[in-house]
Amino acid sequence: MYFNNELSDLKDRLLNRLEYSTYSDIVRDRINFFLWELKFLDCFLHLKSFPFASECGMLGVSQKMIEIWKIPYTRILSVYPDSGIQNWGKRASMKSQSIEEVRATLDSFVYWKEVIWKTKQEFRAQYSFPKTPLAANKVDDDVSPKFVMEVIDVFVGNINVLVKITDPSSWFFVPGHMKEQIEQVLKDLKLLRFFVCFVSNKCSIQPQYRCTTFYTHALIEASHIAMVVWLHFPIYSNGNQDLSPSEVSRLLSDFMEMKIKSIQPVICRNNIYIDVLQALKSTKPQAQRKHVAESGIVEIPTHSLTVGLSDQMANLQEMLCLLRDNLIHLPILDLEFHLQDMDSVIVDAGLLIYSLYDIKGEKEDTVLDDMNRALGFDLPRNIEPIKAMVYLVMQKAFQSNLPRVHGLGYVDFLLKNLKDFQGRYSDSLAFLKNQLQVIQTEFESMQPFLKVVVEEPHNKLKTLNEDCATQIIRKAYEVEYVVDACINKVAPQWCIERWLLDIIEEITCIKAKIQEKNTVEDTMKAVIAHTSSQLARTPRMNEEIVGFEDVIENLRKKLLNGTKGQDVISIHGMPGLGKTTLANRLYSDRSVVSQFDICAQCCVSQVYSYKDLLLALLRDAIGEGSVRRELHANELADILRKTLLPRRYLILVDDVWENSVWDDLRGCFPDVNNRSRIILTTRHHEVAKYASVHSDPLHLRMFDENESWKLLEKKVFGEESCSPLLRDVGQRIAKMCGQLPLSIVLVAGILSEMEKEVECWEQVANNLGTHIHNNSRAIVDQSYHVLPCHLKSCFLYFGAFLEDRVIGISKLTRLWISESFIKSSEGRSLEDIAEGYLENLIGRNLVMVTHRAISDGKVTACRLHDVLLDFCKERAAEENFLLWIKRDQSTKAVYSHKQHAHLTFTEMDTLVEWSASCSLVGSVLFKSYDPYFPRRPLSSHAFAVSHILLNFKFLKVLDLEHRVVIDFIPTELPYLRYLSAHIDQNSIPSSISNLWNLETLILKRVRRCTLLLPSTVWDMVKLRHLYIPDFSTENEEPLLENSAKLYDLETLSTPYFSCVEDAELMLRKTPNLRKLESFKTIPFCISAPNLKYLKLFWFYLDSQYLSEAADHLKHLEVLILSSVEFGHHRKWKVSNGKFPQLKILKLEYVSLMKWIVADDAFPNLEQLVLLGCQDLMEIPSCFMDILSLKYIKVDKRNKSVVQSARKIKETQVEVNQNINFKLHFFKKVVFTYDISHEEVIHKGFKRLASSPGMQSIEIDTNEKKVIVFGNWDADQVQLFVEKLINQGVKDITPREYTQEAQKVKNISNQIMPFTYNTYNI
């Protein structure tokens, strides 16, 4: 900004002349230097109306400098006349003569720089601080706070340039020791500016002092500071020898130490500030735009005080800094009622500080008693209200950023950490020992209550219990923060002690509230009744139904035929599928209704009144006029039962949310074997199963593409057909609705109101996500609202995943555990409990199952519908729980959300940028839209883990779908429990052991090579899951022998053992190992008594080795041998009693030829899977007699294996009457592809190989064929690979756009470059 129009024009014209020229960095630096000088001069000239500017010579030297400056400027203009500029765009290049003239002129700047410096020298010798009385400088029209702040802003901006330049060759360069003085100048200028801002916001009356204004004084002081800097800086690199560093220090020392001469006799600068602050105390405040701490007054300097006062002032400065640092995290609205108190406290602090400066100037040996008498102050007493405000702000700043949804396992995590911390940091926590013991005892006493909250979600006191549980978890967060603040000394001791005492008191209040259950229970019925009367029914879809024809026909048969007794037809499914519409279609079907004597229906919803349900059913059964509303509910129920008793009835009970509803109603529905039927709809599988009598619950499927289009067409065009022009875009819109009838109906409503034009429909297609989201959220919100509190955090966490991504259950549950979402329960593993949570969400139709294990039916993969995923993302952000950070999202824009939220990133640069200001964030998840992204070569700017981890000190989860370098692990990470990343390095630093609380470590490799882990990994005694493909540890056997055992380690995958001793040592160190995957190693004795899962691949084994190993694997339940060589004889003999607990045996591509199994081996085997066992002679006949065997799965390429499998099936089913036994054959899908797309196809299918349900993939490069073995059919495989190829180029920025990605994109826009045939093998 330039104040003077002439100078502004001068600057613009110069830049315009140089715009089309290319010049070096040196020339650019010189041009910027002259513009820097020009900006100072412009500001000085802007003060010409003030007498002080003339009196001190400021105006005179500025005018002289302008005249000097115009000479080189005129020379440049002569090279670029105005007429030349106008036609510049038409010229292909400049004449070489003109270029040389310009460069020669710019080089001549060196001469003019010397002229400027000598002119400054001359003026510097005669310059002094203005002595003109302040009254003479008062210009009411100009001196406003806005004017003063604008001038100071220009000074600050210009002086700041000197701090930033580090190049010694620059004309702006200032040596380091002088740069510190410049930085202090900037700090004091900013303080002055903040002080002006504060005064202007505080009141509208300008505080007076001896007929002058405070703003005028501030303007004079700022101008003087700027003039001193301009006269003495910059040093112009090494070009000036007339001014030594010591001289500069001396010239500036008075200002730097706050001893600037008085503006006029007996008027001290500090007195003016004191007078201003005293005036503010007595001034009625106006509506404030900012409060004092935001204005920056807390920056009041407290340096250069006498020794006798330094301790007291240090305390005061510490508290003011704490106040400032915490206020920035606190939404102003949360403290509105404290703003006036806060302003008063800091105004008092300012009075105290400036009064101390004043006393110090008069009497150097001032002591505390002298100061108290002189000022009437008691410093310790005056500090107390500031301490109270500091504590309040620190507490509220932390509390306001806590998430509002919590995992109930957080108390478990806290109690473990408190125990560990008191051992590790005993010295730092010594003064808190008693308080921490009390807190531990209190939290332990509330563990049974938290268990009740989880295990009894339908308790009558659900709302009260969950509210108390939330308060408990919030206190756990606070304890964690306060203890950490104590260990790292980021808060004063008095504040920590006070905070913990308050926490203890609040926990006591929570316990008292929990114990008042009896009082609360009496009021519950009234609350429920009140809520029920006010709850509006969610608008339903138009009752006309399209699609589900097969479902309707099946249900119609169940209603009209089937069992003679009463039957309940339960329909369940996710929100928006059309359950109610389908039920109403059946309920109003004439062919159905005509077979029943009475038809009645009621809608339950989330909160219901039992009496209202009975009245609704009676109105349909006996008519409105016959219903007596004054009767008690029990009397109404008896009337309904007697009415239905002799009749065949059809009852529709819609939208049931809990089992208790069915308990209330089923006594009203008598069963007299007359084929009466009840249709029940619910979102929850548990409710549907609970109400079932004979018929199994129906899980309503989603629409297929044809049904989606038919419904959209019907809703938009009625009985007419869609025009051919709109059909393509219409079908595309229907597909985008995600197979959800509700979404289709909502979009149809939009299309119905629009012109039937392609352009209009294309607009809808482009903005479809917003339309669907806005209308469907209310429906999903109902399901979320009734979730038990321990499931809400688990459900919202799905918002951290990308759309259409299949989520592996093992990863999901480990993340939930690491995030403390899972509440421990004695006798059950956390993984089992987490799987129970997931099954609950699946039962409520909030999570979709994509794959279940055939062996035990457990879910192995899942995903969320897009509508539900959008809800999770939005609701999680609202609850300060989880936030997606996009590339263009400013850290300041969402400052209040980022403290305890879980953050999800899609750009690594953004993650690095945010890490500097997210110290309290609980988890960071980096998600890549490109499935191949982690495998790409590292850019020149590799992302080092140390740079990311350094700032996230409360991090518990770091999940990076990105390649990083693990260079060093900071020590300040006591909370990290989960670390997953892609790496491309040969070793891990020993500092990895600094993550002493880590439970899950997953390092995915880009290249197949052995990764060397340091021996310090054995110090990580909390490890539960270690997954690193092909790793080995440093060979320091004596050290390992003396290291601690990893009692918690359950999963180990996949170590490489170079010798038997290494393998045996590792097994001794992991006595509770449950799952082991190992490969490419020598045979060793696997002595692991607790092992349940063992996978060996690329091994060389013999029969004797396996027999010996079996003796040490008494609890093994799963054994997988893949690509294993069975010794020279290719034989495996299994003796009696071996593998007593084995349930699953898989042999894949093994060299086994002869397999001998004793009659009593594998007594509990349930599954036998043989794939690629081409040389196996037969399956042993003893498998015919294993009664626990549920199925055998083989491929058809080995005829003798298939023949023996068929014989086993025949014996199992016909002789043993094992009706549950099944014989399955692997599906084989053979794809052929064009050679030009070979690389792309290979990548897509390799990614497919790691998906659930895939057994193996073989790529024949000679025949250009891909052979897929697994449970997927050909269409599923093709869709998956298509999506991978499309996602491979999704959202890639120009700098990432490689030639390969462009190739993939070109392919994905064509017909898929392969064809297929399906075989049962």
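FYI, side chains are in, hydrogens and waters are out, and symmetry mates aren't considered; it's all heavy atoms of this structure. Quantities reported herein were computed from a predicted structural model and do not represent experimental measurements.
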* Structure fact -> Rounded to the nearest 0.5 Å, the CG atom of L559 sits from the CG atom of D567 at a distance of 8.5 Å
* Which pair of heavy atoms, one from S692 and one from V568, lies closest together, and at what distance? -> CA-CB, 4.5 Å
* Considering residues, nucleotides and ligands other than E630, do more than 12 of their heavy atoms fall under 6.0 Å from its CD? -> yes
* Asked: Is the side chain of K558 donor-acceptor paired with the backbone N or O of T563 at a distance under 3.5 Å, no angle test?
  -> no
* Please walk me through it: do L631 and I639 pass side-chain contact (heavy atoms from CB on, under 4.5 Å)? -> CA-CA 10 Å; L631 294 178; I639 294 173; 3.5 Å; yes
* T860 side chain to H851 side chain, donor-acceptor N/O pair below 3.5 angstrom -> yes
* **Ring geometry between F798 and F801 (parallel below 30°, tilted from 30 to 60°, perpendicular above 60°)** => tilted
* Asked: Any side-chain heavy atom of Q601 within less than 4.5 Å of one from D654?
  -> no
* Asked: Do S1188 and N1164 have side-chain N/O donor and acceptor atoms under 3.5 Å apart?
  -> no
* Do the side chain of N1216 and the main chain of D1185 share a donor and acceptor less than 3.5 angstrom apart? -> no
* Kindly say whether A861 contributes a backbone atom to a donor-acceptor pair with the side chain of T850 at under 3.5 angstrom? => yes
* To do: Give the intermediate values and the outcome of side-chain contact (heavy atoms from CB on, under 4.5 Å) for residues Q595 and R677.
  => CA-CA 11 Å; Q595 303 300 312; R677 299 289 183 261; over 6 Å; no
* Looking at CG of L830 and CD of E835, how far apart are the two atoms once the value is rounded to the nearest 0.5 Å? -> 11.5 Å
* Angle class for the F821/Y797 ring planes (parallel below 30°, perpendicular above 60°, tilted otherwise)? -> perpendicular
* Side-chain touch L636/Y610, heavy atoms, less than 4.5 angstrom -> no
* Asked: Quick one: which of L841, L868, I807 gives a side chain to side chain contact (heavy atoms under 4.5 Å, CB included) with V847?
  -> L841
* Asked: Less than 4.5 Å apart, any side-chain heavy atom of L846 and any of L787?
  -> yes
* Asked: If you measure only the distance, is there a donor-acceptor pair under 3.5 Å linking the side chains of Y1191 and Q1212?
  -> no
* **Value rounded to 0.5 Å, distance of NZ in K564 from NE2 in H694** => 12.5 Å
* Asked: So do the side chains of Y587 and L650 get within less than 4.5 Å of each other, counting heavy atoms only?
  -> yes
* **Check against side-chain contact (heavy atoms from CB on, under 4.5 Å), I552 and L586** => CA-CA 7 Å; I552 292 171; L586 292 166; 4.0 Å; yes
* Structure fact -> Of all heavy-atom pairs linking S721 and F717, the shortest is O-CD2, 4.1 Å
* To do: Before accepting this row, confirm whether a basic side-chain N of the pair K710/E549 lies closer than 4.0 Å to the acidic partner's carboxylate O.
  => no
* Does a donor on one side chain and an acceptor on the other come within less than 3.5 Å for N659 and E686? -> yes
* Structure fact -> ring pair (Phe, Tyr, Trp, His ring centres under 6.0 Å) filter on Y837, not counting sequence neighbours, yields H790
* **For C862 against I809, the heavy-atom pair lying closest together** => SG-CD1, 3.6 Å
* Asked: Any cation-pi pair here, K1209 with F1221, using under 6.0 Å and within 45°?
  -> no
* T580 backbone acceptor or donor facing N584 side chain under 3.5 Å -> yes
* Geometric class of the H684/W657 ring pair [parallel <30°, tilted 30-60°, perpendicular >60°] -> perpendicular
* To do: Would you mind reporting whether V849 and H699 have side-chain heavy atoms less than 4.5 Å apart?
  => no
* **Heavy-atom donor-acceptor pair, K715 side chain to I744 backbone, under 3.5 Å** => no
* For the student: nearest non-hydrogen atoms of G667 and R641, plus distance -> O-CD, 3.4 Å
* Structure fact -> The reported gap from SG in C794 to CG in L812 (rounded to nearest 0.5 angstrom) is 8.0 Å
* State whether D589 and R585 are salt-bridged, where the test is any N-O pair (Lys NZ or Arg NE/NH1/NH2 against Asp/Glu carboxylate O) under 4.0 Å. => no
* Other residues, nucleotides, ligands: >12 heavy atoms within 6.0 Å of R647 CZ -> no
* Asked: Do L577 and M702 have side-chain heavy atoms sitting under 4.5 Å apart?
  -> yes
* To do: Evaluate whether atom NZ of K611 has more than 12 neighbouring non-hydrogen atoms of other residues, nucleotides or ligands under 6.0 angstrom away.
  => yes
* What distance separates K714 NZ from C722 SG, expressed to the nearest 0.5 Å? -> 14.0 Å
* W709 vs F703 side-chain heavy atoms within contact, under 4.5 Å -> no
* **By side-chain contact (heavy atoms from CB on, under 4.5 Å) - contacts of E705 (at least two apart)** => K735
* **Pairwise side-chain contact, V859 with E839, heavy-atom cut-off 4.5 Å (strictly under)** => yes
* Asked: Any Lys/Arg nitrogen of E553 or R556 sitting under 4.0 Å from an Asp/Glu carboxylate oxygen of the other?
  -> yes
* **Minimum heavy-atom distance A469-L408, with the two atoms named** => CB-CD2, 4.0 Å
* From T682 atom OG1 to E658 atom CD, the distance as rounded to the nearest 0.5 Å -> 10.0 Å
* Asked: Would a distance-only check, ignoring hydrogens and angles, find a side-chain to backbone donor-acceptor pair under 3.5 Å from S793 to C789?
  -> no
* Under 3.5 Å, side chain of Y649 to main-chain N/O of P670, donor-acceptor pair present? -> yes
* To do: Please check if the side chain of D671 supplies one atom and the backbone of Q566 the other of a donor-acceptor pair under 3.5 Å.
  => yes
* Sidechain-backbone polar pair: E466 side chain, P788 backbone, donor-acceptor under 3.5 Å -> no
* Can you check side-chain contact (heavy atoms from CB on, under 4.5 Å) on L617 and C668, steps first, answer last? -> CA-CA 10 Å; L617 292 170; C668 302; over 6 Å; no
* Would you say E635's side chain and H632's backbone share a donor-acceptor pair under 3.5 angstrom? -> yes
* **Closest non-hydrogen atom pair, A583 against I679** => CB-CG2, 4.0 Å
